[in-house]
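All remarks here apply to the structure that follows.
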Amino acid sequence: MGPDALALVPAAPEHTRNGDAGYAYRADSDLLYLTGHTEPDALAVISTASEQDFVLFLRPRDAFAETWSGRRLGLEGAVARLGAAAAHPFDEWEALLPAMLADVGTLYVKLGAQPAFDQKLVALLGAMRSRAKWKGHPPGRIEDLGEPLHELRLFKSDAELALLERAAHVTDLAHRACMSELRPGMKEYELQATLEYQFRKHGCEPGYVPIVAADANATVLHYHQGRDALVNGGLVLIDAGAEHEGYTADVTRTLPVGGAFSAAQRDVYDLVLKAQAAALALCKPGSTIPQIHAETSRVLAQGLIDLGLLTGDVDEVLREGKQRRYYMHGTNHYLGLDVHDVGRYGHKGKPRPLEPGMVITVEPGLYVPQEGVVGPEALRGVGVRIEDDVLITASGHRNLTAATPKAREEIEARCAR
Ligand SMILES: [Mn+2]
């Protein structure tokens, strides 16, 4: 932020599910990252313009309110537990902020993220302007807080990596439980229950709504209905990650129901695994995400030609983007507090190289529609994705989710038991 600057980070609003019932509250990742505060109705003020470098507005202790909606950290807690230099009741932020903003050089704020907050802030700046002669001017510049803050979040500290490793471990337990409990006739939601049971049993929660997709349901990328039965000889795609203290893993495995891949399923599985190996080999400093995607797409395109799903030579297929009919998503995204984590992927169309400390997913897949495609009948409706999470290191990468089985023979053995 530089000197003489002040950043504002509001808490995420609560959302009602229906009636008086709310959704489970999840703190805004920026606020969580900077402060550790997990309650709604809060505003963090981070300052290089004042001795008070971290001031938190938050809900004060209130015996009656806490009877209904749970214990609160309170003002004393903000100072004692979160290291705030000062704490004030949340409903005083509009009254107290003008004095904190007066004659500050630069205000950092993420405009557009929370329109209701923006509106109050703009009104407050307007009121400051009309009183500027006596009370001090509003900040001279307004900068996007996302730029410096998300650059920080993109590079994981050792403490953050320890949390991600714990999330990866619990995710591994959950995927292994699915492998051993998998039986023909089960419903998709039963495996979803297995995943969530393991997450919660180990103190985590789902980092995103798990995808459990039987057979052709796997060709719907964000499939969430989850009420179909698993058919003997079919496949089930499981995309699920545990979130631990805000940090989530993001792992996909594709399993044979009954314990044996058919010849056609095996061909697709082996191809996706081969594409993932090619992608992983490029996960090192200096590579770019578009470069990894291009190489992954090349392996998949050649395989699609070999399987009879595409015709022509591989350069022509890639030039025309024909492989996108079967592989329509990207190969990598950043991972951290958000499953699709923050951080710039490039600037003005130029991709940025990977650097040590970044954590990315590696997730090639192939999804053969049931209708409107050429090639062998047996491939129709087959959807396979294999996804791991890697930390970029100085010498290459470390696969944080390597423990979760993906070798075809091992997957078969575990699912057959
Ligand atoms: Mn992913």
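Heavy atoms only: backbone and side chains are in, while hydrogens, waters and symmetry mates are out. Computed from a predicted model, the values in this text were never measured in an experiment. Note that ligands are numbered from 1 as they come in the structure, with each ligand's atoms numbered from 1 the same way.
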Look at D388 together with R253 and state whether they make a salt bridge at an N to O cut-off of under 4.0 Å.
->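 R253 and D388: salt-bridged.
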
Determine, for R26 against E205, whether the closest basic-nitrogen to carboxylate-oxygen distance falls under 4.0 angstrom.
-> no

Does [X] use its side chain to pair, donor to acceptor, with the backbone of [Y] at less than 3.5 Å?
X    : Y    : answer
Y208 : G241 : yes
R72  : P60  : yes
H397 : V390 : no

N, O or S atom within D250 nearest to the Mn ion (ligand 1), by name |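 Nearest to the Mn ion (ligand 1) within D250's N, O and S set: OD2.
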
State the atom name: nearest N, O or S atom of E387 to the Mn ion (ligand 1).
-> OE2

What is the NE2(H333)-the Mn ion (ligand 1)-OE2(E363) angle, to the nearest 10 degrees?
-> 80°

N/O/S from H340 sitting under 2.8 Å away from the Mn ion (ligand 1) | no

Examine all N, O or S atoms of D239, backbone included, and report whether one is under 2.8 Å from the Mn ion (ligand 1).
->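 Looking at D239, which is the residue asked about, there is no N, O or S atom under 2.8 Å from the Mn ion (ligand 1).
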
